[in-house]
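Just so you know, these numbers use all the heavy atoms, side chains as well, and skip hydrogens, waters and symmetry mates. Order of the sequence lines sets the chain letters (A, B, ...), proteins ahead of strands, with each chain counted from 1.
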There are 2 protein chains.
Amino acid sequence: MKKHLEILKKCPLFDGIEEENLIRMLGCLGAKVEYFDKKYTIFAEGAPAKYIGIVLSGSAKIIQVDYYGNRSILSEVERSEVFAEAFACAGVDALPVTVVADEPCEIMLINCSHILHTCANNCGFHQKLIFNLMQDLANKSIMFHQKIEITSKRTTREKLMTYLALRAKKVGRNSFDIPFDRQELADYLEVERSGLSAEISKLRTEGIIECRKNHFELL
Amino acid sequence: MKKHLEILKKCPLFDGIEEENLIRMLGCLGAKVEYFDKKYTIFAEGAPAKYIGIVLSGSAKIIQVDYYGNRSILSEVERSEVFAEAFACAGVDALPVTVVADEPCEIMLINCSHILHTCANNCGFHQKLIFNLMQDLANKSIMFHQKIEITSKRTTREKLMTYLALRAKKVGRNSFDIPFDRQELADYLEVERSGLSAEISKLRTEGIIECRKNHFELL
DNA sequence: AACAGTATGTTGAATTTTCAACAAAAGGAG
DNA sequence: CTCCTTTTGTTGAAAATTCAACATACTGTT
C-alpha cells in the first residue's frame, strides 16, 4: 500500500487527510488493490455496484454498449481519479456501465458501504470522506454537463470543435493531447469514425486546426 | 415557512430530519422563499452559483442555449426536488445553465456555503445535510447517465423509444405522462421538432406507441 | 361563437450522417 | 528490413436529419 501513497494523496477522495491517517484509514475501509491488464474489464455492466474504484496506475474508460453493439464512451479515468462512485453511493443494484483498462492498471477497490456507514471503531474520518465524495460527485456532474453540451451539437464539426475548445480551456493552452484515438473520440462524441476523420481533414485544410495523432492544436 | 413543511419533508436534502429540527435548521441556513411567474428566469446563465434551489410549488426546467440560439433541455425539476446543487457544491464561479419556471413557482433558496461550512452555532445537522447532498448528487449523476444513454442513439426513433422505455420503467407502467410538450421533448432528445413529430406519427401508425398530447403508451 | 395565438403535424429539398469498402499510413514483432 | 496487424483517411451511395414553409388542431379569451 505504501508505494501508492503519493498517488492516493492526490485523490480527491482523500483530500485534506494526513498521510498517517490515510494509511490507517485504508486498513479500516478494507481497501484492496487489484491488477488489470490492458483491455481487461475492471467492472462489467450488470455487476453489483458495491465498490468504488481508484486508479493507482494506468488509466481506464467508462463505456456503455447498447443493444446493437454500438459503443459509447462516457469518460476517461486517469491516475488518482475515482470511478463508479455515483452508482455505489446511489445504491443502484447493477452497474449500467462497463469499466475497461486502457493500459495495464492497478486499481484500488473500496466497498462503498464502509465509507458511508460509520464503523465499529468509530474512527472520525467518515465525515471528511463523505464531504470529499460529495465534492467529487459535484465535479463529475459538471463533467457530464460538458459532455452533454458537446454531444447536443447537431453536426460532427460542431461536436468536435466544442470538445476541442473545452479541452483547450481546461489546460489553458491551444496545443494539447487528447486521451482518445480516432475510434474512441468518435465514440465519445457519438458520431461515425469515418465522418469524424473526414471532418478533421477538412478543418485541417481550412487551417482551423492542426493535428498529428492524438495531439491537437487550435489555430 | 410552515406551509411548505410537507413539501420540504419530501425533499431529499432533508431526508431523515425531524420536523422541529427542520424549522430551526432553515432559519440557521438563512433559507428564503421567492416567487417566479411562468417563463421567468430563476437562475440565469453566467450568474454566480452560490445558491441551491428547492422547488416548493410549480416546476422548472434546466436549459442551455448555445452560441447559435439552439436550446437544449437538460432536465426537469419537480416539486420537492433540488437544483443547481452541483454547481454550488463544486464551487464553479458562473452557472453554465439557465433555470426557467415552467409554471408559477415558489422556490426556496439556500446559500450553499451555509450548508457546507459549519456555522457558529455549531448545530449538529450539517453532517446529515452533507450526506443527503452526496446521495442527491449521486442520483443526479445517474440521471445524466440516462440522458446520455438516450441522446447517444443515432436516430430520432431510437432516442424517443429509449426515452419512453426509461420513463415506463421508472413509473412501472406502460402508460404515463411526460413533462414536455413536443418542442421541449425535441430539445431534450436533441433532435428537430418536425422530425420528432413525423417519427411519433410513424410509430403510431405502426402500432408501436399510442399518444395524445403529453400522454404516451407503449403497446 | 369567434378570434388570436400557440402547438402540432406534414411535406419536400438541402444538408449531413451513416454505412461499407477499400487505400494508405503507422506500429510492432521477428 | 519485412511482414502482419492496427489505425486512420477517403469515397460514394443510402439513409436520416435539418430546415423552411405551410396546414391543421388546440387553448384560452372576449
Side-chain angles (χ1 to χ4, degrees), chain A residues 37-39 61 66-73 100 102-104 150-164 177-206 208-216, chain B residues 37-39 61 66-73 100 102-104 150-164 177-206 208-216:
Chain A
D37 246 326
K38 187 173 172 172
K39 295 199 179 176
K61 293 206 159 73
D66 77 7
Y67 194 77
Y68 303 102
N70 302 312
R71 178 178 74 164
S72 166
I73 295 183
V100 179
D102 214 36
E103 21 179 352
I150 292 164
T151 56
S152 72
K153 296 286 184 295
R154 299 302 164 80
T155 63
T156 300
R157 167 178 291 231
E158 279 185 303
K159 287 180 193 182
L160 176 59
M161 289 307 291
T162 304
Y163 171 69
L164 294 176
D177 287 348
I178 66 169
F180 300 125
D181 63 27
R182 289 290 180 278
Q183 181 64 62
E184 289 173 332
L185 180 56
D187 291 344
Y188 179 81
L189 300 178
E190 324 282 10
V191 298
E192 263 301 304
R193 182 198 60 79
S194 65
L196 174 61
S197 269
E199 206 57 51
I200 289 175
S201 294
K202 262 199 231 169
L203 286 164
R204 212 160 14 184
T205 62
E206 290 175 27
I208 296 173
I209 68 171
E210 197 53 72
C211 95
R212 232 184 53 241
K213 284 192 55 189
N214 67 334
H215 183 87
F216 283 76
Chain B
D37 245 326
K38 187 173 173 171
K39 296 199 177 176
K61 294 207 158 74
D66 77 5
Y67 194 76
Y68 303 102
N70 301 311
R71 178 178 74 164
S72 166
I73 295 182
V100 179
D102 214 35
E103 20 179 352
I150 292 164
T151 55
S152 73
K153 296 284 185 294
R154 298 303 163 80
T155 63
T156 299
R157 168 178 288 229
E158 279 184 303
K159 287 180 194 183
L160 176 59
M161 288 307 290
T162 305
Y163 171 69
L164 293 176
D177 287 349
I178 66 170
F180 300 125
D181 63 27
R182 289 290 180 277
Q183 182 63 64
E184 290 173 332
L185 180 55
D187 291 344
Y188 180 82
L189 301 179
E190 323 282 11
V191 299
E192 262 301 305
R193 181 198 60 78
S194 66
L196 174 61
S197 269
E199 205 58 52
I200 288 174
S201 294
K202 262 200 230 170
L203 286 164
R204 213 159 15 184
T205 61
E206 291 175 27
I208 296 173
I209 67 172
E210 197 53 73
C211 94
R212 230 184 54 242
K213 285 192 57 190
N214 66 335
H215 184 87
F216 284 75

Problem - Side chain B/Asn214, main chain B/Asp181, donor-acceptor under 3.5 Å - result: no
Exercise for the section: Indicate whether OP1 or OP2 belonging to D/dA16 is found under 4.0 Å from a side-chain N or O atom of B/Thr155. Expected result: no
Practice task
In whole angstrom, give the distance that lies between atom CG of A/Leu160 and atom P of D/dG9.
Solution key: 11 Å
Exercise for the section: Take the protein atom CG of A/Asn214 and the nucleotide atom C1' of C/dG27, then report the distance between them rounded to whole Å. Expected result: 14 Å
Problem - B/Ser194 side chain, from C-beta outward: closest of C/dA7, D/dC19, D/dT8 - result: D/dC19
Table please: side-chain donor-acceptor pairs of residues 191-198 of chain A below 3.5 Å, with sequence neighbours left out.
none

Handout entry: B/Arg157 side chain to B/Ile200 backbone, donor-acceptor under 3.5 Å
Key = no
Problem - Closest nucleotide among D/dT11, D/dG9, D/dC19 to the A/Ser201 side chain - result: D/dG9
Handout entry: Contact check, side chains of A/Leu189 and A/Lys153, non-hydrogen atoms, under 4.5 Å
Key = no
Problem - Atom-pair distance (CZ on B/Arg154; P on D/dA16), nearest Å - result: 14 Å
Practice task
Would you check if B/Asp187 and B/Phe180 make a side-chain contact, meaning some heavy-atom pair closer than 4.5 Å?
Solution key: no
Handout entry: Nearest listed nucleotide, side chain of B/Lys213, among D/dT27, D/dT18, C/dG9
Key = D/dT27
Handout entry: Sugar-phosphate only, base, or nothing, as touched by A/Arg204 at under 4.0 Å among non-hydrogen atoms
Key = sugar-phosphate
Practice task
Taking the side chain as every heavy atom from C-beta outward, state whether A/Phe216 and A/Tyr163 have any pair of such atoms under 4.5 Å apart.
Solution key: no
Exercise for the section: Could you tell me whether the side chain of B/Arg182 and the main chain of B/Lys213 form a donor-acceptor pair under 3.5 Å? Expected result: yes
Exercise for the section: Rounding to 10 degrees, work out the angle separating the end axes of the helix from C/dA1-D/dT30 to C/dG30-D/dC1 (five pairs an end). Expected result: 50°
Handout entry: Between C1' of D/dA16 and CD of B/Glu158, the distance in whole Å
Key = 11 Å
Completion exercise
Of B/Glu190 and A/Glu184, the one whose closest nucleotide on DNA chain D sits nearer the 5' end is A/Glu184
Problem - Proximal nucleotide (of D/dT7, D/dT17, D/dT11) relative to the B/Glu199 side chain - result: D/dT17
Handout entry: Rounded interatomic separation in angstrom, taking CZ from B/Arg193 and P from C/dA7
Key = 10 Å
Problem - Nucleotide nearest B/Arg182 (side chain, heavy atoms from C-beta), chosen from C/dG9, D/dT18, C/dT18 - result: C/dG9
